[in-house]
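What follows is a set of notes on a single structure, which appears directly below.
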Amino acid sequence: GDAYVSNKNIYYYEEEWTGNGKQEKTLLRKLSYKKGKLAVVAQKTFRGYLNDSFSIDEYDGYLRVVVTDGDTNSVYVLDQELKETGSIKGLAEDERVYSARFMGKTGYFVTFKETDPLFSVDLSDPKNPKIIGALKIPGFSDYLHPYGKNKLLGIGMNVDEKTMSTDGVKLTMFDISDPENVKEEQTYVIENVYYTDVSYDYKAALVDAEKNLIGFAADSEGGREYYTFSYDEKQGFTCTMHEEINGNNMRITRGIYIEDMLYVIQGNIIEAYSLKDFKKVDDIIL
């Protein structure tokens with residue numbers, strides 16, 4: 001199972017499977033932890049599974065979840081006792097949820113099979129959630145991250161529309177100033193790069209809109225490199241650094257910054273780069 005923790009409650013959820021290995025439903029348990037006192041509040045079972053902990057969110061006393069159920073997808077709104085107040089079912093048939101992000105009274109999630117629909121969901125009325133937008137573009141984003149005011153960053157894969165095969169890591173900046181009319185503001189494809197840790201571990205992404213810094217590790221036939229990008233509405237994404245990563249590759253790469261220094265950590269090696277010109281300053285082998 002996995003857990004999502006809000007400011008007031010702990011939600012633990014786990015998938016339940018049949019004997020033949022087919023997933024049928026998810027069991028969700030809610031616990032409060034006020035002043036260190038743990039108490040079981042409620043539990044609920046619903047069909048489908050959550051893609052990750054970004055597919056569940058508590059806001060203004062209500063819990064919102066987006067799930068994939070077989071060959072379709074659903075959005076549920078639950079009250080404080082985990083009783084369903086509203087739902088949207090039968091979304092994006094023959095596709096599954098790849099990423100989600102709840103932002104106040106609006107939710108966004110991506111499904112994929114042949115195109116990348118970024119759905120916008122109005123959650124202002126817990127009894128009547130509704131889809132208000134669906135932007136369809138090639139490829140898919142399997143991680144979404146707020147990036148300053150009215151911007152949503154997507155990191156995923158580009159897909160060749162003819163062969164339906166992935167052909168590079170894709171960065172997308174969505175303009176979400178109007179949730180009913182979300183726009184693909186800018187895109188950038190790192191060609192011949194076939195994997196990024198962000199797809200499976202959101203902690204692998206270094207994203208700071210104030211510093212205008214986006215960083216992550218990615219793999220290609222040439223090896224493993226760490227990429228950093230800046231973003232401008234007019235110029236789009238600019239690759240500011242792509243350097244070979246050294247060290248034991250049995251652990252996922254992490255990029256962190258302290259003041260004006262970027263540190264790329266891989267296993268037993270830490271490498272330091274200046275955030276002013278992205279030149280290497282030093283390294284250490286542990």
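If you read the sequence from its start, that first residue is 1, and numbering goes on from there.
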State, with a plain yes or no, whether a side-chain heavy atom of [X] is found less than 4.5 Å away from one of [Y].
X    : Y    : value
D201 : R254 : yes
H242 : I190 : no
E185 : Y231 : yes
V121 : F102 : no
V5   : Y33  : yes
L28  : L50  : no

Whether the side chain of [X] engages the backbone of [Y] through a donor-acceptor N/O pair (distance < 3.5 Å, no angle test) should be reported.
X    : Y    : value
T68  : R96  : no
N73  : E95  : yes
S230 : L213 : no
S99  : L144 : no
T238 : T240 : no
N51  : Y98  : yes
Y4   : E58  : yes

Aromatic rings F237 and F229: how do their planes relate, parallel, tilted or perpendicular, breaks at 30° and 60°? perpendicular

Distance (rounded to the nearest 0.5 Å) between [X] [atom1] and [Y] [atom2]:
X    : Y    : atom1 : atom2 : value
E81  : L63  : CD    : CG    : 12.5 Å
E180 : T106 : CD    : OG1   : 9.5 Å
T26  : R47  : OG1   : CZ    : 10.5 Å
F119 : I132 : CZ    : CD1   : 12.5 Å

For residues 278-286, dump all side-chain donor-acceptor pairs below 3.5 Å to protein atoms at least two apart in sequence or in another chain.
residue: K280; atom: NZ; partner: E271; partner atom: OE2; Å: 2.8
residue: K280; atom: NZ; partner: D283; partner atom: OD2; Å: 2.9

If you look at every heavy atom in Y195 and D197, which pair is closest and at what distance?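 Heavy atoms only, the tightest pair is CE2-OD1, 3.0 Å.
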
Show the nearest heavy-atom pair for residues Y273 and E244, with the distance to one decimal. OH-O, 4.2 Å

Just do the side chain to side chain contact (heavy atoms under 4.5 Å, CB included) check on M173 and E233 with the steps written out, would you? CA-CA 9 Å; M173 191 65 74; E233 286 187 8; over 6 Å; no

Can you list the residues that meet the salt bridge (charged side-chain N to carboxylate O under 4.0 Å, His left out) rule with D125, with sequence neighbours excluded? none

Which residues pass the salt bridge (charged side-chain N to carboxylate O under 4.0 Å, His left out) test with K30, sequence neighbours left out?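 Scan of K30 (salt bridge (charged side-chain N to carboxylate O under 4.0 Å, His left out), adjacent residues dropped) gives none.
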
Is a side-chain donor-acceptor pair under 3.5 Å present for [Y] with [X]?
X    : Y    : result
D142 : Y202 : no
E225 : Y227 : yes
T85  : D79  : no
N9   : S32  : no

Using the side chain to side chain donor-acceptor pair (under 3.5 Å) criterion, which residues pair with T253? Sequence neighbours excluded.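 So T253 forms a side chain to side chain donor-acceptor pair (under 3.5 Å) with R224, Q266.
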
Quick one: side-chain hydrogen bond (donor to acceptor under 3.5 Å, both in side chains) pairs with a partner in residues 255-265, sequence neighbours left out? D208-Y257

Is the number of heavy atoms from other residues, nucleotides or ligands under 6.0 Å of K211 NZ greater than 12?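 Counting neighbours around NZ of K211, more than 12 heavy atoms of other residues, nucleotides or ligands fall under 6.0 Å, so yes.
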
Should the heavy atoms of other residues, nucleotides or ligands under 6.0 Å from OH of Y194 be counted, would the total exceed 12? yes

Begin from the C-alpha positions of L91 and T111 and carry the test side chain to side chain contact (heavy atoms under 4.5 Å, CB included) through to its verdict. CA-CA 9 Å; L91 292 168; T111 62; over 6 Å; no

Would you list the pairs meeting ring-ring contact (aromatic ring centres under 6.0 Å, His included) in which at least one residue belongs to residues 56-77, sequence neighbours left out? F46-Y76

Worked check of side chain to side chain contact (heavy atoms under 4.5 Å, CB included) between Y108 and L135: CA-CA 11 Å; Y108 300 92; L135 173 67; over 6 Å; no

Identify whether the distance between the nearest side-chain nitrogen and carboxylate oxygen of K170 and E184 falls below 4.0 Å.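 E184 and K170: salt-bridged.
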
